[in-house]
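Just below is one structure, and these are the notes that go with it.
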Protein chains: 2
Amino acid sequence: MTTTDAFESYLAKSNLRVTKERQQLYDGVRAQKGHFTVDTLVHRLKESGYAISRDTVYRNLPLLLEAGVVRQSFRAGRETIYEVDEGKPHHDHLLCSQCGKVEEFVDPKIEALQEDVARQFEFELQHHCHQLVGICKKCRKS
Amino acid sequence: MTTTDAFESYLAKSNLRVTKERQQLYDGVRAQKGHFTVDTLVHRLKESGYAISRDTVYRNLPLLLEAGVVRQSFRAGRETIYEVDEGKPHHDHLLCSQCGKVEEFVDPKIEALQEDVARQFEFELQHHCHQLVGICKKCRKS
DNA sequence: CTCTTATTGCAATTCAGTCTTAATAGGAAT
DNA sequence: ATTCCTATTAAGACTGAATTGCAATAAGAG
Ligand SMILES: [Mn+2]
Ligand SMILES: [Mn+2]
Ligand SMILES: [Zn+2]
Ligand SMILES: [Zn+2]
């Protein structure tokens, strides 16, 4: 009983091969809770017995993005932070500059106003990146 | 007649030395129009006869930011984009993913809603970074 | 099973940004 | 003006995320 998962469908559609590494990568990525970097992902994959090289992860990231499996979440320093995309609705982020805490938010009014701005400048909006940076309640008390 | 400029005041206040490099950096930075990267800044400084090393620029950037001379504008790929801060009011950016065109916008309603979101999560908002990415009118026609 | 070629792992490379260090120069004290 | 302390500089080595070249491997069509 082969699992016909979303990623395999995408690979088939794109005439790409279904390799052991890609299957394990798909499984491993979907097991991630919350936000993660490529390096932490590689480590966790190794811990799960999936020995996939860092390069293979990087090379397959564009596919995972395109297939809607992961999403580029935001950037912390020089690193790109990812998160699982499948099923999870769009949202933006609120970061604590002291402890690094990450909160997620969606504001339909902001979303709509962004569309208005794009229309005003005659841009066809593709995506946006919106981060609020501040100090969380806990950090403010110290 | 020594020019008592904003940066020199900041340096004095912070017990930092006024060097030839810092003066030239201040002049050079304020001469920049629009958005720029550290490397283009270094090149332009060199062209203006100011031979300031890349390292000195990087070492003084935190001071220029703190003094309110420059502002971290946004990130394009791996590079950080800067722009002159003095006198220029806050705004966010709209980028064309095809040609790299940059537009600036401010939406008071979005600004206010951001404060609401921060309040809701009990964050004290420090700053935010908001970029809209899309395709500009010109690029859509090709 | 055979053969073509996409995919992999490894090592080398890029690139923005940082760090080390020896030499230089700001500027306070004399 | 001269001395002296130390902040600051330039050059080059270094870092860490991400990319690329290449030889070996394996997917999967025939
Ligand atoms: Mn998220
Ligand atoms: Mn701007
Ligand atoms: Zn915090
Ligand atoms: Zn364009």
Side-chain angles (χ1 to χ4, degrees), chain A residues 2-5 7-29 35-46 49-67 70 72-82, chain B residues 2-5 7-29 35-46 49-67 70 72-82:
Chain A
T2 49
T3 311
T4 305
D5 57 49
F7 193 40
E8 277 191 35
S9 310
Y10 171 80
L11 293 172
K13 191 181 64 185
S14 314
N15 271 16
L16 296 167
R17 293 180 180 170
V18 176
T19 64
K20 173 173 61 66
E21 289 82 1
R22 281 176 175 157
Q23 290 172 318
Q24 294 182 346
L25 185 55
Y26 180 65
D27 284 354
V29 158
H35 307 100
F36 58 91
T37 65
V38 168
D39 273 331
T40 58
L41 174 61
V42 171
H43 279 119
R44 287 177 192 165
L45 286 168
K46 195 156 288 173
Y50 298 163
I52 299 167
S53 79
R54 210 172 49 97
D55 307 62
T56 297
V57 173
Y58 272 115
R59 251 188 315 241
N60 284 298
L61 260 174
L63 307 181
L64 292 167
L65 290 168
E66 184 62 28
V70 295
Q72 221 149 335
S73 194
F74 58 94
R75 291 179 70 167
R78 292 183 211 173
E79 290 184 299
T80 305
I81 310 294
Y82 297 86
Chain B
T2 49
T3 312
T4 307
D5 58 47
F7 193 41
E8 278 191 33
S9 310
Y10 172 81
L11 292 172
K13 192 181 64 186
S14 312
N15 271 14
L16 295 167
R17 293 180 181 170
V18 177
T19 64
K20 174 172 61 66
E21 288 82 2
R22 281 175 176 159
Q23 289 172 319
Q24 295 182 345
L25 185 55
Y26 179 64
D27 284 355
V29 158
H35 306 100
F36 58 91
T37 64
V38 167
D39 274 332
T40 60
L41 174 61
V42 171
H43 279 119
R44 288 177 192 166
L45 286 167
K46 195 157 287 174
Y50 298 162
I52 298 167
S53 77
R54 205 174 51 101
D55 309 63
T56 298
V57 173
Y58 273 115
R59 253 182 290 111
N60 285 299
L61 260 175
L63 307 182
L64 292 167
L65 291 168
E66 183 63 27
V70 295
Q72 222 149 335
S73 195
F74 58 94
R75 291 178 71 165
R78 293 186 206 174
E79 291 182 298
T80 303
I81 310 295
Y82 297 86

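Small disclaimer: the values here were computed from a predicted structure and weren't measured. Lettering of chains follows the sequences in order, A, B, ..., and the numbering in each one begins at 1.
Contacts of B/Thr37 with the nucleic acid, taken as non-hydrogen atoms under 4.0 Å apart, are absent. Within 4.0 Å of B/Ala76, counting heavy atoms only, lies no atom of the nucleic acid at all.
Ring geometry for B/Tyr26 versus B/Phe7: interplanar angle under 30°, hence parallel rather than tilted (30 to 60°).
Within the 4.5 Å cutoff, the side chain of B/Thr37 has no heavy atoms near those of the B/Tyr82 side chain. Put simply, the side chain of A/Arg75 reaches to within 4.5 Å of the side chain of B/Arg75, judged on heavy atoms.
For the pair B/Leu45 and B/Gln24, the tightest heavy-atom approach, listed with the atom from each and the gap, is CD2-O, 4.0 Å. B/Arg22 and B/Arg17 make their closest contact through NH1-O, 2.8 Å (heavy atoms, listed as atom of the first residue, atom of the second, distance). Listed here is the closest heavy atom pair of B/Val42 and B/Ile52: CG1-O, 4.0 Å. Between A/His35 and A/Ser73, the closest heavy-atom pair is CD2-OG, 3.4 Å.
Within the 3.5 Å criterion, the main-chain N or O of B/Tyr10 finds a donor-acceptor partner in the side chain of B/Ser14. The backbone N or O of B/Leu63 lies less than 3.5 Å from no partner atom in the side chain of B/Asn60, so there is not a single donor-acceptor pair.
When the side-chain nitrogen and oxygen atoms of B/Arg78 are compared with OP1 and OP2 of D/dA18, none of them lie within a distance under 4.0 Å.
For B/Tyr58 and D/dA10, the OH to P distance is 15 Å, given to the nearest whole Å. At whole-Å resolution of the value, CG in A/Asp55 and P in D/dA24 are 18 Å apart. Atom CG of B/Leu11 is separated from atom C1' of D/dT8 by 12 Å (rounded to the nearest Å). One atom, CD1 of A/Ile52, and another, P of D/dA26, lie 15 Å apart when rounded to the nearest Å.
Contacts with DNA chain C (heavy atom under 4.0 Å) in residues 14-23 of chain A: A/Leu16, A/Arg17, A/Thr19, A/Glu21, A/Arg22, listed by number.
A/Arg75 contributes no side-chain N or O that forms a donor-acceptor pair with the base of D/dA17 under 3.5 Å.
Heavy-atom distances to DNA chain D give each of A/Tyr82 and B/Asn60 a nearest nucleotide, and the one nearer the 5′ end belongs to B/Asn60.
Where DNA chain C meets chain B (any atom under 4.0 Å from a heavy atom), the bounding nucleotides read 5' to 3' are C/dT14 to C/dG27.
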